[in-house]
Amino acid sequence: MLEARGELDMATSPQLRQGLQRLVDAGDHHVVVDLAGVGFMDSSGLGALVVMFKALRDVGGRLSLAAAQPAVHSVLTVTSVDRVIPVYDSVQAAEAGVPSTGHAPGQ
């Protein structure tokens with residue numbers, strides 16, 4: 001699990017990507033990103049999430065997002081990223097793989 005905080009934008013998205021890559025390199029193929037502490041996300045943040053989603057998918061893993069604040073959830077919905085990367089109401093639901101938003105993991 002990776003806990004993100006603050007803003008996910010052009011300045012911070014490389015840190016997000018590096019953090020996720022470290023988890024993948026360590027063998028964690030089911031990664032949950034806790035977005036509860038993120039109040040803003042732009043296209044750079046979205047791009048980092050999509051790149052890591054694809055990297056995990058390529059090794060048989062999956063990326064899940066959890067606890068997105070309303071502004072961040074809106075960005076995920078408007079861009080349809082929530083149709084590709086499953087978004088859960090909580091980290092616990094994401095770790096259990098229990099869809100809480102109507103999307104099955106990996107769909």
Side-chain angles (χ1 to χ4, degrees):
M1 199 255 315
L2 180 78
E3 184 178 351
R5 293 182 185 205
E7 298 183 351
L8 292 180
D9 57 18
M10 191 176 191
T12 60
S13 60
Q15 295 168 350
L16 172 66
R17 196 165 162 194
Q18 290 168 357
L20 290 170
Q21 189 62 56
R22 278 194 296 274
L23 291 174
V24 173
D25 292 346
D28 191 349
H29 289 166
H30 177 199
V31 178
V32 176
V33 179
D34 181 355
L35 297 172
V38 177
F40 173 82
M41 180 169 51
D42 71 5
S43 61
S44 300
L46 281 172
L49 291 172
V50 170
V51 165
M52 292 313 300
F53 167 79
K54 290 179 181 178
L56 280 159
R57 183 187 61 195
D58 290 348
V59 296
R62 69 180 176 138
L63 177 68
S64 302
L65 307 177
Q69 297 298 314
V72 172
H73 200 280
S74 177
V75 170
L76 295 169
T77 302
V78 166
T79 59
S80 297
V81 168
D82 65 338
R83 293 183 180 198
V84 179
I85 303 174
V87 181
Y88 297 87
D89 293 336
S90 68
V91 170
Q92 294 80 11
E95 289 175 342
V98 178
S100 57
T101 59
H103 296 287
Q107 285 189 343

| field | Taking every non-hydrogen atom, the tightest pair across Val24 and Leu56 | value | CG2-CD2, 3.5 Å

| Which heavy atom in Ala48 sits nearest to a heavy atom in Leu16, and how many Å separate them? | CB-CD2, 4.0 Å

| query | Does any non-hydrogen side-chain atom of Met52 lie less than 4.5 Å from one of Gln21? | reply | yes

| message | Quick one, Arg17 and Val51 - any side-chain contact, counting heavy atoms below 4.5 Å? | response | yes

| query | How would you list, by chain and number, every residue that makes a salt bridge (charged side-chain N to carboxylate O under 4.0 Å, His left out) with Arg5, sequence neighbours excluded? | reply | Glu3

| message | Is it the case that over 12 heavy atoms from other parts of the model lie below 6.0 angstrom from the CE atom of Met10? | response | no

| request: Only one of Ile85, Leu20, Leu65 passes side-chain contact (heavy atoms from CB on, under 4.5 Å) with Phe53; say which it is. | output: Ile85

| Positive for side-chain contact (heavy atoms from CB on, under 4.5 Å) with Val91, one of Leu35, Asp34, Val33 | Asp34

| Distance (rounded to the nearest 0.5 Å) between Ser80 OG and Leu46 CG | 11.0 Å

| request: Calculate, to the nearest 0.5 Å, the distance between atoms CG and CZ belonging to Leu76 and Arg83 respectively. | output: 13.0 Å

| Flag, side chain of Thr79 to backbone of Val75, donor-acceptor distance under 3.5 Å | yes

| query | Looking only at atom types and distance, does a side-chain atom of Gln69 sit under 3.5 Å from a main-chain N or O of Ala36, one as donor and one as acceptor? | reply | yes

| note | Residues at least two apart in sequence or cross-chain that pass side-chain hydrogen bond (donor to acceptor under 3.5 Å, both in side chains) with Asp9, listed by chain then number, are Thr12

| task | Name all residues meeting the side-chain hydrogen bond (donor to acceptor under 3.5 Å, both in side chains) criterion together with His30; count only those two or more places apart in sequence or in a different chain, and write none if there are none. | result | Arg62

Is there a chain of hydrophobic side chains (I, L, V, M, F, W, Y, each step under 4.5 Å between heavy atoms) that links [X] to [Y]?
{"X": "Leu49", "Y": "Val31", "answer": "yes"}
{"X": "Val84", "Y": "Met41", "answer": "yes"}
{"X": "Leu2", "Y": "Val87", "answer": "yes"}

